[in-house]
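Structure, as structure tokens:
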Amino acid sequence: LRADRVQELTQLDVELSFPDREELFALIEEMFSAIWRECLGLEIAAPFPRMTYAEADRRYGSDKPDTRFALELEDATEATRGSGFGVFASAGAVRFLRVQRLFSRAELAALEEVAKERGAKGLAYLMRDAESGEVRSPIAKFLSEEELAALAVAPGETLLFGADTWEVTSRVLGHLRLHLGAELGLIDEDAFTFLWVTDFPMFERSEERGGWSATHHPFTRPTAEWEDGFDADPAAALAYAYDLIVNGNELGGGSFRIHEPDLQARVFSLLRLSDEEQRAKFGFLLDALAMGAPPHGGIALGLDRMTMVLAGEPNLRDVIAFPKNQAGLDPMSGAPSDVTPEQL
């Protein structure tokens, strides 16, 4: 649970046979333009910009980037590969945020705590004094002139670093970026920036199962170029999935589905489902696909979260009539109530 996620939700599902993504995107854009026009009196420009998952992760450290402000992540992995600063030299990725201001020690300590909330071990920084031009940082003495030149910290700037795996630097710096956007007043609160994020990874590593799990769900079809080889290179395979983002909020998500039984069986096999498990859990689906199910796909739109964004409310519970609390209870009606053995 978090501010924009609760136990129950209301969503509008659009399910299509023989879907065309361009027609689907155009339909949803027309609908959102009408909603924003009628509810807020605002004209929203369409078509909406598009960005692949890989680009969103690289630039913003997030799969639902808030593009109302420009603070983006930069990559210093290669520039610091042979660094005298061991944390940089040994990290899988070294990335940073370039902030157009200097920070006090107390402010840097507070930012380090924000970074640690998302798993950072610390927060390295470089600052260049606006008057003297001197670089100030505990790590500066470990960096070569070549490294400092490559980082190009300008007078009056601060670089805030994440050094870990790529995934951790995305999580840490993506969170820190949003914090700085709010704290430094970088966000235009009156703006609405719509964005399609496409080409999500098809699979992700499962720590619990020790293999692969589906990023979206196991019925999502691979993109056309990955239909033949997704099981040979699961880490790189892309899914025919997409999200609609507004101001850093995911308002909808969808995908095209697998309609071929052999392709579906290959996905199940990659997810370590035996033939027996496939029949026991999904035999009805495989049989239905074998009978000739059409290509199908669509999108699901969260009405509660859309209302939250329209109303400018930071918490989803403020736009739901009878929201549950953190314990999953409705304090007003007492739901859920006990059920008698006879009813069960």
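Along the sequence shown, residues are numbered consecutively beginning with 1.
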Inset, instruction - Would you please name every residue forming a salt bridge (charged side-chain N to carboxylate O under 4.0 Å, His left out) with Arg136, sequence neighbours left out? - result: Asp129
Legend entry - By ring-ring contact (aromatic ring centres under 6.0 Å, His included) - contacts of Phe69 (at least two apart): none
Legend entry - Pairs satisfying salt bridge (Lys or Arg N to Asp or Glu O under 4.0 Å), at least one member in residues 188-202, at least two apart: Arg68-Glu189
Inset, instruction - Indicate, with yes or no, if Tyr125 and Leu71 share a hydrophobic cluster defined by side-chain heavy-atom contacts under 4.5 Å among Ile, Leu, Val, Met, Phe, Trp and Tyr. - result: yes
Inset, instruction - Using the six-membered ring of Trp212, assess whether NZ or CZ of Arg272 lies under 6.0 Å from its centre and within 45 degrees of the ring axis. - result: no
Inset, instruction - Using the ring pair (Phe, Tyr, Trp, His ring centres under 6.0 Å) rule, collect all pairs that involve residues 147-173, keeping only residues at least two apart or in two chains. - result: Phe88-Phe161, Phe96-Phe161
Legend entry - Beyond-backbone contact of Leu310 with Ile35, side-chain heavy atoms, under 4.5 angstrom: yes
Legend entry - Short N-O contact, Glu8 and Lys324, less than 4.0 angstrom: yes
Inset, instruction - Would you tell me whether Arg95 and Ser170 have side-chain atoms, one donor and one acceptor, within less than 3.5 Å of each other? - result: yes
Inset, instruction - Could you note down all residue pairs passing salt bridge (Lys or Arg N to Asp or Glu O under 4.0 Å) where residues 216-238 supplies at least one of them, sequence neighbours left out? - result: Arg221-Glu227, Arg221-Glu260, Asp231-Arg266
Inset, instruction - Examine distances only and state if a side-chain atom of Glu23 and a backbone atom of Asp20 form a donor-acceptor pair shorter than 3.5 Å. - result: no
Inset, instruction - Kindly indicate whether the side chain of Phe32, heavy atoms from C-beta on, has any atom under 4.5 Å from the side chain of Phe48. - result: yes
Inset, instruction - Using the side-chain hydrogen bond (donor to acceptor under 3.5 Å, both in side chains) rule, collect all pairs that involve residues 281-299, keeping only residues at least two apart or in two chains. - result: Arg279-Asp287
Legend entry - Thr169 and Asp164: side chain donor to acceptor below 3.5 Å: no
Inset, instruction - Evaluate the side-chain proximity of Met127 to Leu108: yes if any heavy-atom separation is below 4.5 Å, no if none is. - result: yes
Inset, instruction - Taking the side chain as every heavy atom from C-beta outward, state whether Val267 and Ile258 have any pair of such atoms under 4.5 Å apart. - result: yes
Inset, instruction - With side-chain hydrogen bond (donor to acceptor under 3.5 Å, both in side chains) as the test, would you mind laying out the steps for Asp330 and Ser333 before giving the verdict? - result: CA-CA 6 Å; Asp330 174 5; Ser333 67; 2.6 Å; yes
Legend entry - Point-to-point distance, once rounded to the nearest 0.5 Å, from CD of Glu112 to CG of Leu160: 10.5 Å
Inset, instruction - Evaluate whether atom CD of Glu277 has more than 12 neighbouring non-hydrogen atoms of other residues, nucleotides or ligands under 6.0 angstrom away. - result: yes
Inset, instruction - Mind checking salt bridge (charged side-chain N to carboxylate O under 4.0 Å, His left out) for Arg257 and listing every partner two or more places apart, or none if nothing turns up? - result: none
Inset, instruction - Answer yes or no: is there a side-chain heavy-atom contact under 4.5 Å between Phe219 and Gln264? - result: yes
Legend entry - Minimum side-chain heavy-atom gap Tyr240-Pro222 below 4.5 Å: no
Inset, instruction - Mark yes or no for whether Asp57, through its side chain, and Ala54, through its backbone, hold a donor-acceptor pair below 3.5 Å. - result: no
Inset, instruction - Determine whether Arg128 and Glu134 make a side-chain contact, defined as any pair of heavy atoms from C-beta on separated by less than 4.5 Å. - result: no
Inset, instruction - Answer yes or no: is there a donor N or O on one side and an acceptor on the other, between the side chain of Arg317 and the main chain of Pro323, under 3.5 Å? - result: no
Legend entry - salt bridge (charged side-chain N to carboxylate O under 4.0 Å, His left out) involving Glu22 - partner list, sequence neighbours excluded: Arg50
Legend entry - ring pair (Phe, Tyr, Trp, His ring centres under 6.0 Å) partners of residues 299-340, not counting sequence neighbours, each pair once: none
Inset, instruction - Verify, without hydrogens or angle tests, whether Thr198 (side chain) and Tyr242 (backbone) share a donor-acceptor contact under 3.5 angstrom. - result: no
Legend entry - Heavy-atom donor-acceptor pair, Asp318 side chain to Leu316 backbone, under 3.5 Å: no
Legend entry - Parallel, tilted or perpendicular: rings of Trp36 and Phe192 (30°, 60°): perpendicular
Inset, instruction - Decide whether Asn315 and Glu313 meet the rule of one side-chain donor and one side-chain acceptor closer than 3.5 Å. - result: no
Inset, instruction - Using the test side chain to side chain donor-acceptor pair (under 3.5 Å), find all partners of Thr80 that sit at least two apart in sequence or belong to another chain. - result: none
Inset, instruction - Hey, could you give me each pair passing salt bridge (Lys or Arg N to Asp or Glu O under 4.0 Å) that has a residue in residues 100-111? Not counting sequence neighbours. - result: Arg101-Glu107
Legend entry - Check: Gly174 main-chain N/O paired with Ser62 side-chain donor or acceptor under 3.5 Å: no
Legend entry - Val87 and Ile139: CA distance, side-chain angles, deciding distance, side-chain contact (heavy atoms from CB on, under 4.5 Å) verdict: CA-CA 10 Å; Val87 174; Ile139 71 169; over 6 Å; no
Inset, instruction - Calculate, to the nearest 0.5 Å, the distance between atoms CG and CZ belonging to Leu244 and Phe25 respectively. - result: 8.5 Å
Inset, instruction - Answer yes if the side chains of Thr52 and Glu55 hold a donor-acceptor pair under 3.5 Å, and no otherwise. - result: no
Legend entry - Single-linkage hydrophobic cluster, 4.5 Å side-chain cutoff, Val153 and Leu97 together: no
Legend entry - Pairs where residues 146-162 contributes a residue and the test salt bridge (Lys or Arg N to Asp or Glu O under 4.0 Å) is met, not counting sequence neighbours: Arg98-Glu157
Legend entry - Minimum side-chain heavy-atom gap Ile28-Trp196 below 4.5 Å: yes
